Trainee: 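This is the structure I have questions about; it appears just below.
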Amino acid sequence: MFLHLTLPLLLPPSLSLDHTAENREYQQKSREMFEHAFHGYMEHAYPEDELRPLTCSGHSTWGNFSLTLIDSLDSLVVFGMYEEFKESVNKILLNTNFSIDKNVSVFETNIRVVGGLLSAHLLMERGRMSLPEGWPCAGPLLDLAVDIASRLVPAFNTPTGLPYGTTNLLYGVPKGETTVTGTAGCGTFLLEFGMLSRLTGDPTFEHAARRALKVLFESRSKIDLVGNHIDISRGEWIFREAGIGGNVDSYYEYLLKGGFFFEDFQLISQFKVLYKAVVKNLQHDFWYIWVNMFNGNPSLPSVSTLDAFWPSLQILIGDIKSAGRTLSNFYSLISHFGFTPEMFSLLTGQVSAGNEIYPLRPEFVESLVYMYQATGDQMWRNMGKQVLDSIELSTKTPCGYATVSNVVTHQLEDKMESFFLSETTKYLYLLFSDDHWIFDKGVWGNISITPDSGDYRVCAPNSFGYTFTTEAHPFPAGVLGCCYPRQRVEEDLLEQIYQDKSEEALGGGIFNLPNKILNMMYGGTKSDDPSGTELPRCSSLLHFLVTTVSVLEVSPEWEDPSILSQVGGHSCSIRPWYAKYEMYGVEWSRLPGKKAFRVINKNNNQNKK
């Protein structure tokens with residue numbers, strides 16, 4: 001029996017008023033917040049990993065390679081701080097050396113460092129930097145990302161393929177390292193490692209990430225729940241509590257986003273299975289508690305501030321109503337405490353002892369961004385205003401913003417996590433932005449065609465919209481076809497990739513475009529002809545893909561080489577197959593509640609709208 005919360009649910013007003021001026025004011029406030037924290041770090045902490053905002057000093061916590069700067073590189077582009085971006089990239093290229101005797105978190109180094117370097121590399125054009133030769137398939141930031149990721153890969157050399165939690169950048173996994181790793185620590189690599197493989201042609205990274213995802217899913221219980229820590233040597237669950245918060249959260253995120261981003265229906269189907277189990281066993285009044293993964297019995301009737309990311313996934317599958325209920329629950333905590341505590345007990349209605357901290361986390365604001373894009377309702381922006389005001393009022397210091405060590409007393413701690421610059425301030429800025437390029441729907445773009453050993457590469461680096469990693473690093477889907485002729489792991493190669501000991505190089509078809517979604521990506525439009533004949537949306541591009549990928553029974557004439565020049569540089573409407581589900585590919589206010597979730601899982605009807 002759970003104690004129902006008595007906290008007042010005071011939703012911010014959402015009247016039919018013109019909020020333009022106020023939204024712009026808060027957009028500017030969020031920009032000033034980022035600038036204050038970034039310049040404070042650069043002046044008082046760089047080249048250390050993080051800023052101590054109370055003493056205005058620096059300290060190294062994750063590896064001693066200027067973590068906060070790497071983690072916030074793409075934020076500089078999002079905020080339009082192009083000179084600072086150029087200067088920061090040059091600092092990283094000049095001073096970064098990963099060949100050091102240092103133990104690091106495999107999970108944190110991937111999401112913060114590999115992801116930060118990759119997104120900065122991919123946003124160089126947006127950041128108004130001179131592009132290196134061969135970009136986006138080559139460049140010094142990409143080289144650094146490959147360097148650090150290669151030092152993480154040995155952690156995956158285990159009997160199960162699940163990675164160790166810690167590795168040494170110079171010597172590999174330390175002797176005596178524990179074989180117990182969190183679920184998120186095993187399953188949060190596909191976006192970063194998959195992007196590395198698509199840009200470099202080396203399947204090692206994506207192989208490792210996919211193998212770990214496969215093992216985790218196959219280790220689920222009979223009621224389709226996963227625990228939060230697993231023994232990587234035996235594949236046995238050690239901590240068997242199932243939840244959506246700490247040590248589990250981003251595993252769910254990368255199943256869904258990885259499925260969308262890499263056009264992998266298998267991953268989306270796996271997410272569906274787990275999602276249904278979570279809703280059935282964990283949801284109580286749109287809170288999500290911890291339960292035993294084998295029988296579903298409640299084990300910890302508490303919620304975490306990390307749980308606030310969950311509505312963003314629900315919005316991606318169209319379950320907007322449920323997402324709104326959960327966000328409103330979290331807003332009741334913010335209205336009461338000013339912040340979301342790290343853990344809150346639904347049994348006592350109090351902050352859980354020892355979990356009073358709020359380290360400036362982004363998850364609530366992250367979901368607000370998705371929700372506002374889904375509904376256009378000013379109410380969600382008003383919630384964000386309260387978050388921004390609370391951070392500004394209670395945590396600002398002369399050189400940055402400090403962690404709240406106790407949400408009840410608002411006592412501060414001398415720490416500013418790198419994700420405050422990478423995520424929290426970025427999401428606040430985007431929440432109040434109406435015309436930012438991040439929100440481009442990804443339906444228009446310049447297509448470049450490059451011959452490649454008798455085949456061709458199709459590249460649209462600023463098209464198809466952006467997908468955020470778990471550290472809010474935006475990855476453009478349009479680069480997936482830039483470096484190799486084909487764009488996706490072919491269906492019949494998935495089993496090879498999943499083999500535990502496969503060392504065979506995966507060439508040729510590794511990036512093949514699957515037949516079943518080609519029409520969804522480049523679907524036809526009705527012509528003006530009275531007969532209503534279906535015509536390709538972008539004829540030259542479609543013919544090009546049909547010819548090079550050979551997936552349709554169409555034989556256009558290719559004797560005339562001028563067709564290449566016709567397609568190259570051609571701007572045409574290109575909507576990716578996941579556009580109706582992805583945050584930036586659709587006008588969400590027009591999307592019925594669960595339509596996307598139903599359509600996405602129809603095994604034999606993927607082309608139906």
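All values derive from a computational prediction rather than experimental measurement.
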Trainee: Which residues pass the side chain to side chain donor-acceptor pair (under 3.5 Å) test with N23, sequence neighbours left out?
Mentor: Q378
Trainee: Check whether any side-chain N or O of T425 sits under 3.5 Å from a backbone N or O of F420 as a donor-acceptor pair, and report yes or no.
Mentor: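 Side chain of T425 to backbone of F420: a pair is present.
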Trainee: Do F205 and V153 come close enough that some side-chain heavy atom pair is under 4.5 Å?
Mentor: yes
Trainee: Test of understanding: with salt bridge (charged side-chain N to carboxylate O under 4.0 Å, His left out), list the residues that count as partners of E253, not counting sequence neighbours.
Mentor: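 So E253 forms a salt bridge (charged side-chain N to carboxylate O under 4.0 Å, His left out) with K257.
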Trainee: For H410, which residues count as a ring pair (Phe, Tyr, Trp, His ring centres under 6.0 Å) partner, sequence neighbours excluded?
Mentor: F339
Trainee: Out of S418, S422, S105, which residue meets the side-chain hydrogen bond (donor to acceptor under 3.5 Å, both in side chains) rule with R112?
Mentor: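 The side-chain hydrogen bond (donor to acceptor under 3.5 Å, both in side chains) with R112 is passed solely by S418 among S418, S422, S105.
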Trainee: Between the side chains of Q411 and N406, is a donor N or O closer than 3.5 angstrom to an acceptor N or O?
Mentor: no
Trainee: In terms of ring plane angle, is the pair Y401 and H36 parallel, tilted or perpendicular, where the classes change at 30° and 60°?
Mentor: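 The arrangement is perpendicular - the two ring planes meet at more than 60°.
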Trainee: Do any N or O atoms from the side chain of R151 and from the backbone of N168 form a donor-acceptor pair under 3.5 angstrom?
Mentor: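 Pair absent, no side-chain N/O of R151 close to backbone of N168.
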Trainee: So, do F468 and Y427 have ring centers that fall under 6.0 Å from each other?
Mentor: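 Yes; Y427 has its ring centre under 6.0 Å from that of F468.
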Trainee: For residues 356-424, which residue pairs qualify under disulfide bond (SG atoms under 2.5 Å apart), counting only residues two or more places apart or in two chains?
Mentor: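 Only C56-C399 qualify under disulfide bond (SG atoms under 2.5 Å apart).
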Trainee: Check whether the SG atoms of C482 and C137 are less than 2.5 Å apart, and answer yes or no.
Mentor: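 C482 does not pair with C137 as a disulfide (SG atoms not under 2.5 Å apart), so no.
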Trainee: Just wondering, do S352 and P341 contact through their side chains at under 4.5 Å, heavy atoms?
Mentor: no
Trainee: For the residue pair L388 and F432, what are the closest heavy atoms and their distance?
Mentor: CD1-CE1, 4.3 Å
Trainee: Between D389 and K385, is there a salt bridge with N-O shorter than 4.0 Å?
Mentor: no
Trainee: Distance from S30 atom OG to L430 atom CG, nearest 0.5 Å?
Mentor: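 So the OG of S30 and the CG of L430 are separated by 8.5 Å.
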Trainee: Keeping the roles fixed (side chain from E356, backbone from G354), state whether a donor-acceptor pair exists under 3.5 Å.
Mentor: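 Yes.
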Trainee: Give every donor-acceptor pair under 3.5 Å between a side-chain atom in residues 86-94 and any protein atom, sequence neighbours left out.
Mentor:
| residue | atom | partner | partner atom | Å |
| --- | --- | --- | --- | --- |
| S88 | OG | E84 | O | 2.7 |
| N90 | ND2 | K86 | O | 3.2 |

Trainee: Using the test ring pair (Phe, Tyr, Trp, His ring centres under 6.0 Å), find all partners of H44 that sit at least two apart in sequence or belong to another chain.
Mentor: none
Trainee: Less than 4.0 Å between a side-chain N and a carboxylate O, is that true for E423 and R361?
Mentor: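 Here R361 does not pair with E423 in a salt bridge, since their nearest N and O are not under 4.0 Å apart.
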Trainee: Scan side-chain atoms only and decide if N64 and D49 contain a donor-acceptor pair under the 3.5 Å cut-off.
Mentor: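 Note: N64 and D49 side chains miss the donor-acceptor criterion.
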Trainee: For L360 versus I391, what's the shortest heavy-atom pair and its separation?
Mentor: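 Minimum heavy-atom separation between L360 and I391: CD2-CG2, 4.4 Å.
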Trainee: Is there side-chain contact between F364 and L368, with at least one heavy-atom pair below 4.5 Å?
Mentor: yes
Trainee: Is there a donor-acceptor pair closer than 3.5 Å between any side-chain N or O of N110 and the backbone N or O of T188?
Mentor: yes
Trainee: Under a 3.5 Å distance rule, please check whether T326 uses its side chain to pair with a backbone N or O of A323 as donor and acceptor.
Mentor: no
Trainee: I need the Y372 OH to I315 CD1 distance, nearest 0.5 Å.
Mentor: 13.5 Å
Trainee: Which atoms form the tightest heavy-atom contact between A149 and F193, and what is the distance?
Mentor: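 Looking at all heavy atoms of both residues, the shortest contact is CB-CE1, 4.2 Å.
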Trainee: Could you check whether any side-chain heavy atom of R381 comes within less than 4.5 Å of a side-chain heavy atom of E22, counting everything from C-beta outward?
Mentor: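 They are not in side-chain contact.
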Trainee: Identify the two heavy atoms, one from L122 and one from P136, that lie closest to each other, and give their separation to 0.1 Å.
Mentor: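 In terms of heavy atoms, the two residues are closest at CD2-CB, 4.2 Å.
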Trainee: With a 4.5 Å cut-off on side-chain heavy atoms, are L123 and Y466 touching?
Mentor: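 Yes, side chains in contact.
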Trainee: Supply the atom-to-atom distance Y41 OH to T68 OG1, rounded to the nearest 0.5 angstrom.
Mentor: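 Rounded to the nearest 0.5 Å, the OH-OG1 separation comes to 5.0 Å.
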Trainee: Does a side chain donor of either S197 or D202 reach within less than 3.5 Å of an acceptor in the other side chain?
Mentor: no
Trainee: Any donor-acceptor pair under 3.5 Å linking the side-chain atoms of T305 with those of E342?
Mentor: no
Trainee: Please check if any side-chain donor atom of N95 sits under 3.5 Å from a side-chain acceptor atom of Y46, or the reverse.
Mentor: yes
Trainee: Could you report the tightest heavy-atom contact between P474 and I438, atom names first, then the distance?
Mentor: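 Heavy atoms only, the tightest pair is CB-CD1, 3.9 Å.
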Trainee: Heavy atoms, side chains only, cut-off 4.5 Å: are Y370 and P311 in contact?
Mentor: no
Trainee: Supply the atom-to-atom distance T61 OG1 to L67 CG, rounded to the nearest 0.5 angstrom.
Mentor: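 Going from OG1 on T61 over to CG on L67, the span is 6.0 Å.
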Trainee: So, E413 and Y358: side-chain donor and acceptor under 3.5 Å apart, yes or no?
Mentor: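 Looking only at side-chain atoms, Y358 and E413 do not form any donor-acceptor pair under 3.5 Å.
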Trainee: Scan D307, L313, L306 and name whichever one has a side chain to side chain contact (heavy atoms under 4.5 Å, CB included) with F309.
Mentor: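 Single side chain to side chain contact (heavy atoms under 4.5 Å, CB included) partner of F309 among D307, L313, L306: L313.
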Trainee: Check ring pair (Phe, Tyr, Trp, His ring centres under 6.0 Å) between Y288 and all other residues, then give those that pass, not counting sequence neighbours.
Mentor: W310
Trainee: Enumerate the ring pair (Phe, Tyr, Trp, His ring centres under 6.0 Å) contacts for residues 68-116, please, sequence neighbours excluded, ordered by first and then second residue.
Mentor: F34-F79, F65-F98, F79-Y429
Trainee: Would you say T158's side chain and L162's backbone share a donor-acceptor pair under 3.5 angstrom?
Mentor: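 Yes, because the side chain of T158 sits within donor-acceptor range (under 3.5 Å) of the backbone of L162.
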Trainee: Mark yes or no for whether H59, through its side chain, and L51, through its backbone, hold a donor-acceptor pair below 3.5 Å.
Mentor: no
Trainee: Checking the side chain of S60 only, and the main-chain atoms of E48 only, is there a donor and an acceptor separated by less than 3.5 Å?
Mentor: no
Trainee: Out of curiosity, K426 NZ to S72 OG, how far, rounded to the nearest 0.5 Å?
Mentor: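 Reported value, rounded in 0.5 Å steps: 8.5 Å.
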Trainee: Any salt bridge (Lys or Arg N to Asp or Glu O under 4.0 Å) involving residues 115-137? Give me the pairs, sequence neighbours left out, ordered by first then second residue.
Mentor: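 Sorted result for residues 115-137: R126-D440.
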Trainee: Quick one: are T469 and L191 in side-chain contact, heavy atoms under 4.5 Å?
Mentor: yes
Trainee: Please name all residues satisfying ring pair (Phe, Tyr, Trp, His ring centres under 6.0 Å) with F330, sequence neighbours left out, ordered by chain then number.
Mentor: W287
Trainee: Determine yes or no for a side-chain-to-main-chain donor-acceptor pair under 3.5 angstrom, with S367 supplying the side chain and A308 the backbone.
Mentor: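 Present.
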Trainee: Rounded to the nearest 0.5 Å, how far does CG of L431 lie from CD of E366?
Mentor: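 Here the interatomic distance stands at 12.0 Å.
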Trainee: Output all residues satisfying salt bridge (charged side-chain N to carboxylate O under 4.0 Å, His left out) with K396, sequence neighbours left out; order by chain, then residue number.
Mentor: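 K396 satisfies salt bridge (charged side-chain N to carboxylate O under 4.0 Å, His left out) with E392 once adjacent residues are dropped.
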Trainee: Name all pairs fulfilling the disulfide bond (SG atoms under 2.5 Å apart) condition that reach into residues 72-134, sequence neighbours left out, sorted by first residue then second.
Mentor: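 Checked against disulfide bond (SG atoms under 2.5 Å apart) - neighbours excluded - no pair reaches residues 72-134.
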Trainee: Answer yes if the side chains of D71 and H473 hold a donor-acceptor pair under 3.5 Å, and no otherwise.
Mentor: yes
Trainee: Do P174 and N103 have side chains that get closer than 4.5 Å, going by heavy atoms?
Mentor: yes
Trainee: Strictly distance-based, threshold 3.5 Å: is any side-chain N or O of T403 a donor or acceptor partner for the main-chain N or O of S405?
Mentor: no
Trainee: Is any NZ, NE, NH1 or NH2 atom of the basic residue among E206 and R198 found under 4.0 Å from an Asp or Glu carboxylate oxygen of the other?
Mentor: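 Salt bridge present between E206 and R198.
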Trainee: Does any donor atom in the side chain of S99 or N97 lie under 3.5 Å from an acceptor atom in the other side chain?
Mentor: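 Judged by distance alone, the side chains do not pair up.
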Trainee: Any chance CD of Q28 has more than 12 other-residue heavy atoms, nucleotides or ligands included, within less than 6.0 Å?
Mentor: yes
